[in-house]
Amino acid sequence: MIDLNFIRQNPDKVKTTLLDLNITAPIDEILDLDQKRRELLKKVEELRRERNSGSKVIGQLMREGKKEEANAQKQRMTDIGEEIKGYDETLRQIEADLTDKQLYVPNMPTEGVPVGPDEHHNVEIRRWGDLPKFDFAPQPHWDLATNLDIIDFERGVKISGSRFYLFKGLGASLHRALVNWFLDTAINEHGYTEIYPPFMVREKAMVGAAHLPKFRDNMYYDTEDDYWFIGTAEVPLSNIFGDEIFDAEQLPIKYVAHTPCFRREKMSAGRDVRGIKRVHQFEKVEMYHYTLPEDSYDHLEMIVGNAENLCKKLGLPYRVIEICTGDLGFAAAKKYDVEVLVPGENGEGEWMEVSSCSNVEAFQARRANLKFRRERGAKPEYLHTLNGSGLPSGRILIAVLENYQQADGSIVIPEVLRPYMGGREIIK
RNA sequence: GGAGGGAUGGCAGAGUGGUUGAAUGCGGUGGUCUUGAAAACCACUGAGGUCGCAAGGUCUCCGGGGGUUCGAAUCCCUCUCCCUCCGCCA
């Protein structure tokens with residue numbers, strides 16, 4: 001959610017920005033509702049004030065035993081009460097409508113975000129490493145994994161349908177090794193506190209994280225108990241401190257969580273259907289920061305740096321790109337993606353997104369009501385939150401398989417993972 | 001799943017229809033006293049909306065929502081959450 005005051009004071013700027021973002025939102029309706037709301041509020045408050053003071057008089061009169069005067073006063077108050085009731089009803093509708101519409105307004109990109117209509121206008125910031133030199137034709141991960149019998153696609157599909165799979169034997173070990181190494185690195189080297197959150201949340205949490213109401217179609221939902229299944233740990237992490245007020249010195253807070261991620265992938269039917277790149281259930285280690293507003297952009301660099309560090313230690317070539325306005329999405333004010341380079345289906349090399357690091361500024365903080373106080377007695381302010389993948393174990397497993405493959409189809413295990421696999425050096 | 005009991009300010013805990021946005025205690029902040037500290041004493045100490053340049057005014061909020069009433073923390077309905085007992089259970 002963005003500040004209603006900001007929309008009110010900069011309507012044209014907001015509208016222009018929406019064009020850059022390639023997102024539509026009912027700004028004029030919002031302005032109209034906002035104005036109606038304030039007009040009504042004024043009337044209703046005036047009437048309430050009258051009633052409050054008028055009702056006190058009744059109490060006074062009763063105590064003094066002046067029954068008739070009290071009754072006359074009661075009648076006047078009844079009339080005012082009726083009037084208030086009418087206005088209240090309208091006001092309630094307007095406020096509900098206004099809030100609902102505000103929930104569809106995206107965040108405003110920060111100064112300096114490249115302007116462009118789509119992902120082709122993202123800007124490469126830096127690049128690290130090179131694709132390994134293969135003196136043979138590299139295979140895609142689904143062939144490697146099937147031949148090594150470490151991923152069973154057919155039986156995953158048998159159990160749960162398309163876009164499901166199962167890890168088997170050393171495939172499952174490798175996956176688990178990645179998760180544990182991501183977590184340990186985050187905790188021991190990057191200074192995070194680990195959280196094990198719920199994977200099913202109520203609607204309020206989804207709205208707080210800005211995944212609802214707009215992205216309803218991409219999420220699994222249990223109709224019987226009203227639970228939403230998280231598509232990322234960002235959802236529970238962003239709601240932990242809802243309706244709480246921090247002292248400034250308690251910030252920043254850096255959390256890391258490993259969770260499954262459930263995604264319907266409705267919008268990408270037919271894309272990336274082979275392998276485990278785009279699936280309904282995967283696991284991810286997610287970084288999440290709560291910061292003072294003035295520190296959030298430093299933290300964005302920290303988060304992306306942490307994601308890069310993981311790629312470097314795994315020996316995976318990558319690039320960092322800054323996302324342009326048209327590709328920025330709903331919640332981010334600024335976003336970096338980290339993409340690793342893998343041989344891909346045809347062996348020529350392709351970029352695969354493995355981390356998305358966003359500063360959402362106060363966008364989630366407003367929705368989830370996350371605040372801090374600069375000093376005792378100061379007015380509470382919204383804090384800033386950031387999120388970044390660190391990293392998705394399934395996609396990194398793809399990268400490890402494809403980049404560390406040998407001519408005989410075996411996989412050399414990256415050194416950092418070997419302690420997590422009983423010292424094993426190769427999968428064959 | 002069944003039965004019962006709860007939800008009040010940072011915390012604890014009063015308050016069952018009329019100056020109660022809320023006693024009291026603890027905590028916190030400032031001050032007095034003290035060489036300093038402690039103790040004692042005094043004062044202050046919730047959030048949001050709206051109007052206003054401001055000072056300040058005004059409205060709302062006692063788990064959420066709705067209702068009764070001139071007036072609700074107090075009465076009614078409903079939802080959520082917590083606790084206790086029974087049942088089931090990794």
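Source: prediction; values computed, not measured. Sequence lines set the chain letters: A, B, ... in the order given, protein chains first and strands last, and positions in each chain run from 1. The figures that follow rest on heavy atoms only: side chains count, while hydrogens, waters and symmetry mates do not.
Comparing B/rG48, B/rU19, B/rG49 by their nearest atom to the side chain of A/Leu41 picks out B/rG49. The side chain of A/Arg38 lies closest to B/rC51 when the candidates are B/rC51, B/rU58, B/rU68. For A/Ser55, taking side-chain heavy atoms from C-beta onward, the closest of the listed nucleotides B/rA47, B/rG49, B/rG18 is B/rG18. Ranking B/rU50, B/rC70, B/rC59 by closeness to the A/Arg48 side chain, first place goes to B/rC59. Comparing B/rC59, B/rG48, B/rC70 against the side chain of A/Thr78 picks out B/rC70 as the nearest. The side chain of A/Arg92 sits closest to B/rG67 out of B/rU50, B/rG67, B/rC70.
In this structure, A/Ile245 places its CD1 atom 19 Å from P of B/rG28, rounding to the nearest Å. Rounded to an integer number of Å, the gap from A/Glu203 CD to B/rG64 P is 19 Å. The nearest whole Å value for the distance from the CG atom in A/Asp3 to the C1' atom in B/rG48 is 14 Å. To the nearest angstrom, P of B/rG49 lies 15 Å from CG of A/Leu91. Counting to the nearest Å, the P atom of B/rG49 and the OH atom of A/Tyr87 are 24 Å from each other. A straight line from CG of A/Asn369 to P of B/rC61 spans 18 Å, rounded to a whole angstrom. Atom CD1 of A/Ile58 and atom P of B/rG17 are 18 Å apart (whole Å). The CE-P distance, from A/Met77 to B/rC70, rounds to 11 Å in whole Å.
Not less than 6.0 angstrom separates the ring centroid of A/Phe262 from the ring centroid of A/Phe199. In this structure, A/Tyr290 has its ring center under 6.0 Å from that of A/Phe241. Checked against the 6.0 Å centroid criterion, the rings of A/His289 and A/Tyr192 qualify as a close aromatic pair.
Nucleotides B/rC86 and B/rC70 have their C1' atoms positioned 48 Å apart, rounded to a whole Å. Going from the C1' atom of B/rA14 to that of B/rA7 covers 15 Å, rounded to whole Å. Comparing B/rG46 with B/rC42, their C1' atoms are spaced 23 Å from each other, to the whole Å. Separation of the C1' atoms belonging to B/rA3 and B/rG87 is 11 Å when rounded to the nearest angstrom. Comparing B/rA12 with B/rC62, their C1' atoms are spaced 16 Å from each other, to the whole Å. B/rG9 and B/rA73 have their C1' atoms separated by 12 Å, given to the nearest Å. Taking atom C1' in both B/rG21 and B/rU78, the straight-line distance is 26 Å, to the nearest Å. Here the separation of B/rG49 from B/rU45, taken at their C1' atoms, is 22 Å to the nearest Å.
Within the 4.5 Å cutoff, the side chain of A/Asp243 has heavy atoms near those of the A/Asn369 side chain.
Between A/Arg51 and B/rG71, a side-chain N or O to OP1/OP2 separation shorter than 4.0 Å is present. Distances shown here put a side-chain N or O of A/Arg37 below 4.0 Å from the OP1 or OP2 atom of B/rU50. Put simply, A/Lys43 has no side-chain N or O that comes within less than 4.0 Å of OP1 or OP2 on B/rU50. Between A/Arg202 and B/rU80 there is no side-chain N or O to OP1 or OP2 distance below 4.0 Å. Contact annotation: A/Asn52 reaches the phosphate of B/rC59 (side-chain N/O to OP1 or OP2, under 4.0 Å). Put simply, A/Lys56 has no side-chain N or O that comes within less than 4.0 Å of OP1 or OP2 on B/rG17. Taking side-chain N and O atoms only, A/Arg49 has no distance below 4.0 Å to OP1 or OP2 of B/rG57.
Remark: B/rC61 base-pairs with B/rG46. Criterion, Watson-Crick or G-U wobble with two distances under 3.5 Å. Remark: B/rG25 base-pairs with B/rC11; criterion is Watson-Crick or G-U wobble with both hydrogen-bond distances under 3.5 Å. Base pairing annotation: B/rG1 forms a Watson-Crick or G-U wobble pair with B/rC86, both donor-acceptor distances under 3.5 Å. As the counterpart of B/rC81, B/rG6 is assigned, both hydrogen-bonding distances of the Watson-Crick or G-U wobble pattern falling under 3.5 Å. Pair assignment for B/rU32 gives B/rA40, based on Watson-Crick or G-U wobble hydrogen-bonding distances that are each under 3.5 Å.
Among all heavy-atom pairs drawn from A/Glu322 and A/Lys334, the shortest one is OE2-CE, 3.5 Å.
A residue-by-residue look at A/Lys74 and A/Glu46 shows that A/Glu46 has its nearest nucleotide of RNA chain B further toward the 5' end. When each of A/Pro380 and A/Asp34 is assigned the nucleotide of RNA chain B with its nearest heavy atom, A/Pro380 is the one assigned upstream, toward the 5' end.
The pair A/Glu46-A/Lys43 fails the salt-bridge criterion, with no side-chain N (NZ, NE, NH1 or NH2) lying under 4.0 Å from an Asp/Glu carboxylate O.
Judged by distance alone, with hydrogens and angles left aside, the side-chain atoms of A/Ser389 form no donor-acceptor pair with the main-chain N or O of A/Ser355 at under 3.5 Å.
A/Lys371 comes within contact range of the sugar-phosphate backbone alone, with a heavy-atom separation under 4.0 Å but no base atom that close. Counting non-hydrogen atoms under 4.0 angstrom, A/Arg366 reaches nothing in the nucleic acid.
Evaluated for a side chain to side chain contact (heavy atoms under 4.5 Å, CB included) with A/Lys36, the options A/Asp32, A/Asp34, A/Leu40 yield exactly one hit, A/Asp32.
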